[in-house]
There are 2 protein chains.
Amino acid sequence: MNNKGILIVVSGFSGAGKGTLMKELLTRYPDTYALSISATTRAPREGEVDGREYFFVSKDEFEKMIAKDKLIEYAKYVENYYGTPRDYVENKLEEGRDVILEIEIQGALNIKKLFPDTLLLFVTPPNAEELKRRLVGRGTETMDVIESRMNRACEEAQGMENYDYLIVNDSLDSCVEEMHAIIRGEHRRSSRNREFMQEIKEDLERMKQ
Amino acid sequence: MNNKGILIVVSGFSGAGKGTLMKELLTRYPDTYALSISATTRAPREGEVDGREYFFVSKDEFEKMIAKDKLIEYAKYVENYYGTPRDYVENKLEEGRDVILEIEIQGALNIKKLFPDTLLLFVTPPNAEELKRRLVGRGTETMDVIESRMNRACEEAQGMENYDYLIVNDSLDSCVEEMHAIIRGEHRRSSRNREFMQEIKEDLERMKQ
(Lines give C-alpha, C1' and ligand atoms only; values in the text may rest on other atoms or scores of the structure.)
Protein backbone atom coordinates (compact mmCIF):
# COMPACT_ATOMS: atom_id res chain seq x y z
CA MET A 1 0.00 0.00 0.00
CA ASN A 2 0.94 3.65 -0.35
CA ASN A 3 3.05 4.68 2.62
CA LYS A 4 3.34 8.38 1.88
CA GLY A 5 1.69 10.77 4.28
CA ILE A 6 -1.49 12.68 3.50
CA LEU A 7 -1.62 16.46 3.46
CA ILE A 8 -4.52 17.48 5.70
CA VAL A 9 -6.07 20.92 5.98
CA VAL A 10 -8.17 21.60 9.05
CA SER A 11 -10.53 24.55 9.11
CA GLY A 12 -13.74 25.20 10.97
CA PHE A 13 -15.90 27.58 12.91
CA SER A 14 -14.07 29.95 15.22
CA GLY A 15 -14.35 28.62 18.72
CA ALA A 16 -15.03 25.08 17.52
CA GLY A 17 -11.94 23.96 19.41
CA LYS A 18 -9.58 23.26 16.52
CA GLY A 19 -6.45 24.13 18.49
CA THR A 20 -7.24 21.83 21.42
CA LEU A 21 -8.23 19.06 19.04
CA MET A 22 -4.95 19.26 17.06
CA LYS A 23 -2.89 19.33 20.23
CA GLU A 24 -4.62 16.23 21.60
CA LEU A 25 -4.30 14.37 18.27
CA LEU A 26 -0.57 15.04 18.18
CA THR A 27 -0.14 14.04 21.82
CA ARG A 28 -1.91 10.72 21.26
CA TYR A 29 -0.31 9.89 17.90
CA PRO A 30 3.05 11.66 17.81
CA ASP A 31 4.53 9.31 15.20
CA THR A 32 1.57 9.52 12.85
CA TYR A 33 1.04 13.26 12.51
CA ALA A 34 3.10 16.40 12.07
CA LEU A 35 1.70 19.90 12.46
CA SER A 36 2.88 22.39 9.88
CA ILE A 37 3.81 25.77 11.31
CA SER A 38 3.18 28.88 9.23
CA ALA A 39 5.68 31.61 8.58
CA THR A 40 4.46 35.17 9.15
CA THR A 41 5.74 38.72 9.05
CA ARG A 42 3.43 39.89 11.82
CA ALA A 43 4.94 40.60 15.21
CA PRO A 44 4.72 37.90 17.89
CA ARG A 45 1.96 38.44 20.44
CA GLU A 46 2.59 37.96 24.13
CA GLY A 47 3.25 34.30 24.91
CA GLU A 48 3.88 33.31 21.30
CA VAL A 49 7.14 31.49 20.68
CA ASP A 50 9.06 31.48 17.38
CA GLY A 51 8.79 27.99 15.86
CA ARG A 52 5.79 27.03 18.00
CA GLU A 53 2.86 29.27 17.01
CA TYR A 54 4.62 30.69 13.93
CA PHE A 55 7.99 31.18 12.37
CA PHE A 56 8.38 34.92 12.74
CA VAL A 57 10.33 36.38 9.82
CA SER A 58 10.95 39.84 8.36
CA LYS A 59 9.14 41.10 5.27
CA ASP A 60 12.40 40.86 3.38
CA GLU A 61 12.97 37.24 4.42
CA PHE A 62 9.38 36.34 3.54
CA GLU A 63 9.68 37.83 0.07
CA LYS A 64 12.88 35.87 -0.49
CA MET A 65 10.96 32.70 0.48
CA ILE A 66 8.34 33.58 -2.12
CA ALA A 67 10.97 34.25 -4.79
CA LYS A 68 12.73 30.95 -4.10
CA ASP A 69 9.44 28.99 -4.16
CA LYS A 70 9.91 28.01 -0.53
CA LEU A 71 6.19 28.29 0.31
CA ILE A 72 3.42 26.01 -0.89
CA GLU A 73 0.90 28.81 -0.39
CA TYR A 74 0.87 32.29 1.05
CA ALA A 75 -1.51 35.17 1.49
CA LYS A 76 -1.38 38.75 2.70
CA TYR A 77 -3.84 39.96 5.33
CA VAL A 78 -3.77 43.55 6.57
CA GLU A 79 -0.18 44.23 5.50
CA ASN A 80 1.13 40.96 6.92
CA TYR A 81 2.21 37.86 5.06
CA TYR A 82 1.26 34.33 6.15
CA GLY A 83 2.54 31.23 4.38
CA THR A 84 3.24 27.49 4.61
CA PRO A 85 6.94 26.51 4.31
CA ARG A 86 7.39 23.83 1.65
CA ASP A 87 10.40 21.87 2.97
CA TYR A 88 8.86 20.85 6.28
CA VAL A 89 5.64 19.66 4.64
CA GLU A 90 7.33 17.70 1.87
CA ASN A 91 9.90 16.07 4.14
CA LYS A 92 7.30 14.88 6.63
CA LEU A 93 5.00 13.54 3.88
CA GLU A 94 7.94 11.64 2.40
CA GLU A 95 8.66 10.13 5.86
CA GLY A 96 5.09 8.84 5.89
CA ARG A 97 3.67 11.35 8.36
CA ASP A 98 0.31 12.94 7.79
CA VAL A 99 0.92 16.68 7.83
CA ILE A 100 -1.78 18.91 9.27
CA LEU A 101 -2.23 22.54 8.25
CA GLU A 102 -4.65 24.64 10.24
CA ILE A 103 -5.71 27.38 7.82
CA GLU A 104 -8.85 29.23 6.80
CA ILE A 105 -11.13 28.38 3.94
CA GLN A 106 -9.60 30.38 1.07
CA GLY A 107 -6.14 29.03 1.81
CA ALA A 108 -7.60 25.53 2.09
CA LEU A 109 -9.17 25.73 -1.35
CA ASN A 110 -5.93 27.08 -2.84
CA ILE A 111 -4.00 24.15 -1.42
CA LYS A 112 -6.57 21.67 -2.72
CA LYS A 113 -6.20 23.18 -6.21
CA LEU A 114 -2.41 22.83 -6.11
CA PHE A 115 -2.44 19.40 -4.40
CA PRO A 116 -5.66 17.59 -5.33
CA ASP A 117 -4.90 14.75 -2.89
CA THR A 118 -5.21 17.12 0.05
CA LEU A 119 -7.76 16.00 2.63
CA LEU A 120 -10.01 18.84 3.79
CA LEU A 121 -11.52 18.55 7.27
CA PHE A 122 -14.02 21.00 8.72
CA VAL A 123 -14.49 21.20 12.50
CA THR A 124 -17.99 22.05 13.67
CA PRO A 125 -20.01 21.93 16.89
CA PRO A 126 -22.54 19.04 16.93
CA ASN A 127 -25.52 21.22 16.01
CA ALA A 128 -26.67 24.75 15.28
CA GLU A 129 -27.85 25.32 18.89
CA GLU A 130 -24.40 24.57 20.25
CA LEU A 131 -22.85 26.84 17.65
CA LYS A 132 -25.25 29.60 18.70
CA ARG A 133 -24.32 29.12 22.34
CA ARG A 134 -20.64 29.49 21.54
CA LEU A 135 -21.21 32.56 19.38
CA VAL A 136 -23.51 34.38 21.77
CA GLY A 137 -21.40 33.54 24.81
CA ARG A 138 -22.59 33.96 28.39
CA GLY A 139 -24.52 37.14 27.90
CA THR A 140 -21.50 39.24 28.81
CA GLU A 141 -20.53 40.17 25.24
CA THR A 142 -21.53 43.40 23.54
CA MET A 143 -23.87 43.30 20.58
CA ASP A 144 -20.96 44.38 18.37
CA VAL A 145 -18.86 41.39 19.36
CA ILE A 146 -21.72 38.97 18.81
CA GLU A 147 -22.56 40.53 15.45
CA SER A 148 -18.98 40.31 14.29
CA ARG A 149 -18.73 36.65 15.38
CA MET A 150 -21.99 35.91 13.62
CA ASN A 151 -20.79 37.47 10.38
CA ARG A 152 -17.59 35.54 10.57
CA ALA A 153 -19.42 32.25 11.22
CA CYS A 154 -21.68 32.90 8.23
CA GLU A 155 -18.64 33.37 6.02
CA GLU A 156 -17.00 30.26 7.45
CA ALA A 157 -20.16 28.24 6.83
CA GLN A 158 -20.19 29.17 3.14
CA GLY A 159 -17.24 26.95 2.31
CA MET A 160 -18.29 23.84 4.29
CA GLU A 161 -19.43 21.83 1.25
CA ASN A 162 -15.97 22.01 -0.23
CA TYR A 163 -14.54 20.02 2.66
CA ASP A 164 -14.31 16.26 2.49
CA TYR A 165 -15.42 15.51 6.04
CA LEU A 166 -17.09 17.21 8.95
CA ILE A 167 -15.37 16.70 12.29
CA VAL A 168 -18.04 17.00 14.94
CA ASN A 169 -16.57 18.39 18.11
CA ASP A 170 -18.88 17.21 20.87
CA SER A 171 -16.52 15.61 23.36
CA LEU A 172 -12.77 16.01 22.87
CA ASP A 173 -12.03 12.32 23.38
CA SER A 174 -14.47 10.94 20.83
CA CYS A 175 -13.70 13.77 18.42
CA VAL A 176 -9.98 12.99 18.41
CA GLU A 177 -10.65 9.31 17.81
CA GLU A 178 -13.14 10.09 15.08
CA MET A 179 -10.68 12.34 13.30
CA HIS A 180 -7.99 9.68 13.59
CA ALA A 181 -10.39 7.03 12.19
CA ILE A 182 -11.29 9.26 9.24
CA ILE A 183 -7.65 9.86 8.32
CA ARG A 184 -6.73 6.21 8.82
CA GLY A 185 -9.60 5.28 6.52
CA GLU A 186 -8.51 7.78 3.88
CA HIS A 187 -5.19 5.96 3.55
CA ARG A 188 -7.21 3.03 2.17
CA ARG A 189 -9.05 5.05 -0.51
CA SER A 190 -8.53 3.31 -3.81
CA SER A 191 -7.73 6.67 -5.43
CA ARG A 192 -4.73 6.91 -3.07
CA ASN A 193 -3.52 3.40 -3.95
CA ARG A 194 -3.38 3.31 -7.74
CA GLU A 195 0.16 1.89 -7.75
CA PHE A 196 -0.84 -0.95 -5.45
CA MET A 197 -3.75 -1.87 -7.71
CA GLN A 198 -1.60 -1.62 -10.83
CA GLU A 199 1.03 -3.89 -9.31
CA ILE A 200 -1.52 -6.57 -8.39
CA LYS A 201 -2.96 -6.48 -11.91
CA GLU A 202 0.45 -6.72 -13.56
CA ASP A 203 1.50 -9.58 -11.31
CA LEU A 204 -1.66 -11.49 -12.12
CA GLU A 205 -1.15 -10.97 -15.84
CA ARG A 206 2.47 -12.15 -15.58
CA MET A 207 1.39 -15.30 -13.75
CA LYS A 208 -1.06 -16.20 -16.49
CA GLN A 209 1.67 -16.37 -19.13
CA MET B 1 -25.82 14.70 11.68
CA ASN B 2 -27.35 12.20 9.31
CA ASN B 3 -28.42 9.11 11.24
CA LYS B 4 -29.50 6.95 8.33
CA GLY B 5 -27.49 3.84 7.63
CA ILE B 6 -25.12 3.47 4.71
CA LEU B 7 -25.56 0.83 2.04
CA ILE B 8 -22.24 -1.01 1.75
CA VAL B 9 -21.22 -3.42 -0.96
CA VAL B 10 -18.29 -5.71 -0.21
CA SER B 11 -16.52 -7.51 -3.03
CA GLY B 12 -12.99 -8.77 -3.43
CA PHE B 13 -10.68 -11.49 -4.58
CA SER B 14 -11.89 -15.03 -4.08
CA GLY B 15 -10.19 -16.44 -1.04
CA ALA B 16 -9.48 -12.98 0.39
CA GLY B 17 -11.52 -13.96 3.44
CA LYS B 18 -14.63 -11.81 2.92
CA GLY B 19 -16.93 -14.26 4.66
CA THR B 20 -14.85 -14.51 7.84
CA LEU B 21 -14.38 -10.75 7.86
CA MET B 22 -18.12 -10.01 7.62
CA LYS B 23 -18.92 -12.57 10.32
CA GLU B 24 -16.38 -11.01 12.70
CA LEU B 25 -17.57 -7.45 11.98
CA LEU B 26 -21.17 -8.42 12.77
CA THR B 27 -20.12 -10.27 15.92
CA ARG B 28 -18.21 -7.24 17.22
CA TYR B 29 -20.74 -4.59 16.21
CA PRO B 30 -24.14 -6.30 16.11
CA ASP B 31 -26.06 -3.04 16.59
CA THR B 32 -24.19 -1.14 13.90
CA TYR B 33 -24.36 -3.50 10.96
CA ALA B 34 -26.88 -5.74 9.24
CA LEU B 35 -25.98 -8.29 6.60
CA SER B 36 -28.33 -8.49 3.67
CA ILE B 37 -29.20 -12.02 2.60
CA SER B 38 -29.80 -12.71 -1.08
CA ALA B 39 -32.73 -14.62 -2.49
CA THR B 40 -31.92 -17.36 -4.99
CA THR B 41 -33.64 -20.02 -7.02
CA ARG B 42 -30.72 -22.43 -6.85
CA ALA B 43 -31.05 -25.49 -4.64
CA PRO B 44 -29.50 -25.33 -1.15
CA ARG B 45 -26.14 -27.08 -0.85
CA GLU B 46 -25.37 -29.33 2.07
CA GLY B 47 -25.15 -27.35 5.28
CA GLU B 48 -26.86 -24.25 3.87
CA VAL B 49 -29.82 -22.99 5.86
CA ASP B 50 -32.74 -21.01 4.43
CA GLY B 51 -32.52 -17.44 5.76
CA ARG B 52 -28.86 -17.79 6.72
CA GLU B 53 -26.83 -18.29 3.52
CA TYR B 54 -29.74 -17.46 1.21
CA PHE B 55 -33.48 -17.23 1.05
CA PHE B 56 -34.26 -20.22 -1.13
CA VAL B 57 -37.28 -19.56 -3.31
CA SER B 58 -38.88 -21.13 -6.39
CA LYS B 59 -38.46 -19.65 -9.85
CA ASP B 60 -42.11 -18.66 -9.75
CA GLU B 61 -41.74 -16.86 -6.42
CA PHE B 62 -38.61 -15.10 -7.63
CA GLU B 63 -40.32 -13.82 -10.77
CA LYS B 64 -43.19 -12.53 -8.64
CA MET B 65 -40.62 -10.63 -6.54
CA ILE B 66 -39.23 -9.09 -9.73
CA ALA B 67 -42.69 -8.15 -10.98
CA LYS B 68 -43.60 -6.52 -7.64
CA ASP B 69 -40.30 -4.58 -7.51
CA LYS B 70 -39.30 -6.42 -4.35
CA LEU B 71 -35.61 -6.65 -5.32
CA ILE B 72 -33.13 -3.79 -5.52
CA GLU B 73 -31.03 -5.77 -8.00
CA TYR B 74 -31.03 -9.24 -9.44
CA ALA B 75 -29.09 -11.27 -11.97
CA LYS B 76 -29.31 -14.68 -13.58
CA TYR B 77 -26.28 -16.99 -13.58
CA VAL B 78 -26.43 -20.41 -15.21
CA GLU B 79 -30.21 -20.69 -15.11
CA ASN B 80 -30.47 -19.50 -11.52
CA TYR B 81 -31.68 -16.16 -10.23
CA TYR B 82 -29.90 -14.24 -7.43
CA GLY B 83 -31.25 -10.99 -6.01
CA THR B 84 -31.26 -8.58 -3.07
CA PRO B 85 -34.64 -8.22 -1.29
CA ARG B 86 -35.60 -4.56 -1.00
CA ASP B 87 -37.63 -4.49 2.24
CA TYR B 88 -34.91 -5.80 4.52
CA VAL B 89 -32.31 -3.35 3.16
CA GLU B 90 -34.57 -0.30 3.32
CA ASN B 91 -35.90 -1.07 6.81
CA LYS B 92 -32.44 -1.55 8.28
CA LEU B 93 -31.09 1.64 6.66
CA GLU B 94 -34.05 3.57 8.04
CA GLU B 95 -33.28 2.17 11.53
CA GLY B 96 -29.79 3.61 11.18
CA ARG B 97 -27.98 0.32 10.55
CA ASP B 98 -25.31 0.08 7.89
CA VAL B 99 -26.40 -2.69 5.58
CA ILE B 100 -23.73 -4.89 4.02
CA LEU B 101 -24.19 -6.72 0.72
CA GLU B 102 -21.58 -9.23 -0.30
CA ILE B 103 -21.84 -9.36 -4.09
CA GLU B 104 -19.56 -9.53 -7.10
CA ILE B 105 -18.34 -6.62 -9.14
CA GLN B 106 -21.04 -6.31 -11.80
CA GLY B 107 -23.80 -6.35 -9.19
CA ALA B 108 -21.84 -3.83 -7.14
CA LEU B 109 -21.63 -1.39 -10.02
CA ASN B 110 -25.35 -1.82 -10.76
CA ILE B 111 -26.20 -0.98 -7.15
CA LYS B 112 -23.93 2.07 -7.21
CA LYS B 113 -25.71 3.32 -10.35
CA LEU B 114 -29.12 2.95 -8.69
CA PHE B 115 -27.99 4.23 -5.27
CA PRO B 116 -25.08 6.63 -5.76
CA ASP B 117 -24.50 6.88 -1.98
CA THR B 118 -23.52 3.21 -1.83
CA LEU B 119 -20.10 2.63 -0.33
CA LEU B 120 -18.04 0.14 -2.32
CA LEU B 121 -15.37 -1.83 -0.44
CA PHE B 122 -12.92 -4.20 -2.07
CA VAL B 123 -11.19 -6.87 0.04
CA THR B 124 -7.67 -7.76 -1.02
CA PRO B 125 -4.65 -9.58 0.40
CA PRO B 126 -1.87 -7.18 1.50
CA ASN B 127 0.24 -7.65 -1.64
CA ALA B 128 0.55 -9.49 -4.91
CA GLU B 129 2.82 -12.19 -3.43
CA GLU B 130 0.22 -13.10 -0.82
CA LEU B 131 -2.47 -13.18 -3.49
CA LYS B 132 -0.27 -15.50 -5.57
CA ARG B 133 0.22 -17.79 -2.58
CA ARG B 134 -3.51 -18.05 -2.05
CA LEU B 135 -4.19 -18.68 -5.72
CA VAL B 136 -1.47 -21.27 -6.27
CA GLY B 137 -2.23 -23.08 -3.03
CA ARG B 138 0.08 -25.64 -1.44
CA GLY B 139 1.25 -27.29 -4.64
CA THR B 140 -1.51 -29.87 -4.41
CA GLU B 141 -3.81 -28.21 -6.97
CA THR B 142 -3.98 -29.22 -10.61
CA MET B 143 -2.83 -26.74 -13.25
CA ASP B 144 -6.46 -26.45 -14.38
CA VAL B 145 -7.63 -25.33 -10.96
CA ILE B 146 -4.82 -22.78 -10.67
CA GLU B 147 -5.47 -21.44 -14.16
CA SER B 148 -9.17 -21.05 -13.49
CA ARG B 149 -8.47 -19.23 -10.18
CA MET B 150 -5.98 -17.01 -11.96
CA ASN B 151 -8.44 -16.06 -14.67
CA ARG B 152 -11.08 -15.31 -12.10
CA ALA B 153 -8.68 -13.14 -10.08
CA CYS B 154 -7.75 -11.21 -13.23
CA GLU B 155 -11.41 -10.51 -13.89
CA GLU B 156 -11.97 -9.51 -10.27
CA ALA B 157 -8.98 -7.14 -10.39
CA GLN B 158 -10.38 -5.29 -13.40
CA GLY B 159 -13.06 -3.58 -11.36
CA MET B 160 -10.95 -2.55 -8.34
CA GLU B 161 -10.66 1.13 -9.30
CA ASN B 162 -14.40 1.52 -9.15
CA TYR B 163 -14.42 0.73 -5.44
CA ASP B 164 -14.13 3.51 -2.89
CA TYR B 165 -11.76 1.76 -0.51
CA LEU B 166 -9.44 -1.20 -0.40
CA ILE B 167 -9.78 -3.39 2.69
CA VAL B 168 -6.42 -5.02 3.22
CA ASN B 169 -6.89 -8.40 4.82
CA ASP B 170 -3.60 -9.09 6.56
CA SER B 171 -4.68 -10.03 10.07
CA LEU B 172 -8.37 -10.53 10.81
CA ASP B 173 -8.33 -8.37 13.92
CA SER B 174 -6.76 -5.26 12.37
CA CYS B 175 -8.74 -5.75 9.19
CA VAL B 176 -12.07 -5.74 11.01
CA GLU B 177 -11.12 -2.61 12.93
CA GLU B 178 -9.89 -0.91 9.77
CA MET B 179 -13.12 -1.66 7.97
CA HIS B 180 -15.11 -0.36 10.92
CA ALA B 181 -13.00 2.84 10.99
CA ILE B 182 -13.53 3.41 7.27
CA ILE B 183 -17.31 3.08 7.55
CA ARG B 184 -17.45 5.19 10.69
CA GLY B 185 -15.47 7.86 8.85
CA GLU B 186 -17.77 7.73 5.85
CA HIS B 187 -20.69 8.78 8.05
CA ARG B 188 -18.87 12.10 8.46
CA ARG B 189 -18.41 12.76 4.74
CA SER B 190 -19.78 16.18 4.00
CA SER B 191 -21.59 14.79 0.95
CA ARG B 192 -23.58 12.57 3.35
CA ASN B 193 -24.48 15.49 5.60
CA ARG B 194 -25.94 18.14 3.30
CA GLU B 195 -28.99 18.63 5.53
CA PHE B 196 -26.84 19.23 8.59
CA MET B 197 -24.81 21.88 6.75
CA GLN B 198 -27.93 23.51 5.34
CA GLU B 199 -29.48 23.69 8.80
CA ILE B 200 -26.42 25.36 10.33
CA LYS B 201 -26.34 27.92 7.51
CA GLU B 202 -30.04 28.73 7.83
CA ASP B 203 -29.78 29.05 11.61
CA LEU B 204 -26.86 31.43 11.28
CA GLU B 205 -28.72 33.55 8.73
CA ARG B 206 -31.78 33.66 11.00
CA MET B 207 -29.68 34.80 13.93
CA LYS B 208 -28.24 37.67 11.95
CA GLN B 209 -31.66 39.19 11.37
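Remember, predicted model here, so these are calculated numbers, not experimental data. Per chain, numbering begins at 1; letters A, B, ... match sequence-line order.
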Checking [X] against chain A: side chain, backbone, both or neither under 4.5 Å from a heavy atom?
X: B:R184; answer: side chain
X: B:R192; answer: neither
X: B:L131; answer: side chain
X: B:E147; answer: neither

Surrounding [atom1] of [X] (heavy atoms of other residues, nucleotides or ligands, distance under 6.0 Å), is the total greater than 12?
X: B:E95; atom1: CD; answer: yes
X: B:R42; atom1: CZ; answer: yes
X: B:Y74; atom1: OH; answer: no
X: A:E94; atom1: CD; answer: no

A:S190 side chain vs B:L166 backbone, donor-acceptor pair below 3.5 Å: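 Judged by distance alone, no pair lies under 3.5 Å.
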
From [X] [atom1] over to [Y] [atom2], what is the distance, rounded to the nearest 0.5 angstrom?
X: A:T124; Y: B:R188; atom1: OG1; atom2: CZ; answer: 10.0 Å
X: A:Y163; Y: B:S191; atom1: OH; atom2: OG; answer: 15.5 Å
X: A:L204; Y: B:F13; atom1: CG; atom2: CZ; answer: 5.5 Å

A:K201/B:E156 salt bridge by N-O under 4.0 Å criterion: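 A:K201 and B:E156: not salt-bridged.
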
Heavy-atom contacts under 4.5 Å, residues 101-119 of chain B to chain A: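 Not one residue of residues 101-119 of chain B has a heavy atom under 4.5 Å from chain A.
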
Inter- and intrachain pairs under side chain to side chain donor-acceptor pair (under 3.5 Å), touching residues 22-33 of chain A, at least two apart: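 Only A:E24-A:R28, A:R28-A:D173, A:R28-A:E177, A:Y29-A:E177, A:Y33-A:H180 qualify under side chain to side chain donor-acceptor pair (under 3.5 Å).
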
Max heavy-atom pair count under 4.5 Å with chain A, selected residue of B:E186, B:M197, B:M150: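 Top count of heavy-atom pairs under 4.5 Å with chain A: B:M197.
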
Leading residue by heavy atom contact count with chain A [cutoff under 4.5 Å; candidates B:D203, B:D164, B:N151, B:N162]: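 Top count of heavy-atom pairs under 4.5 Å with chain A: B:D164.
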
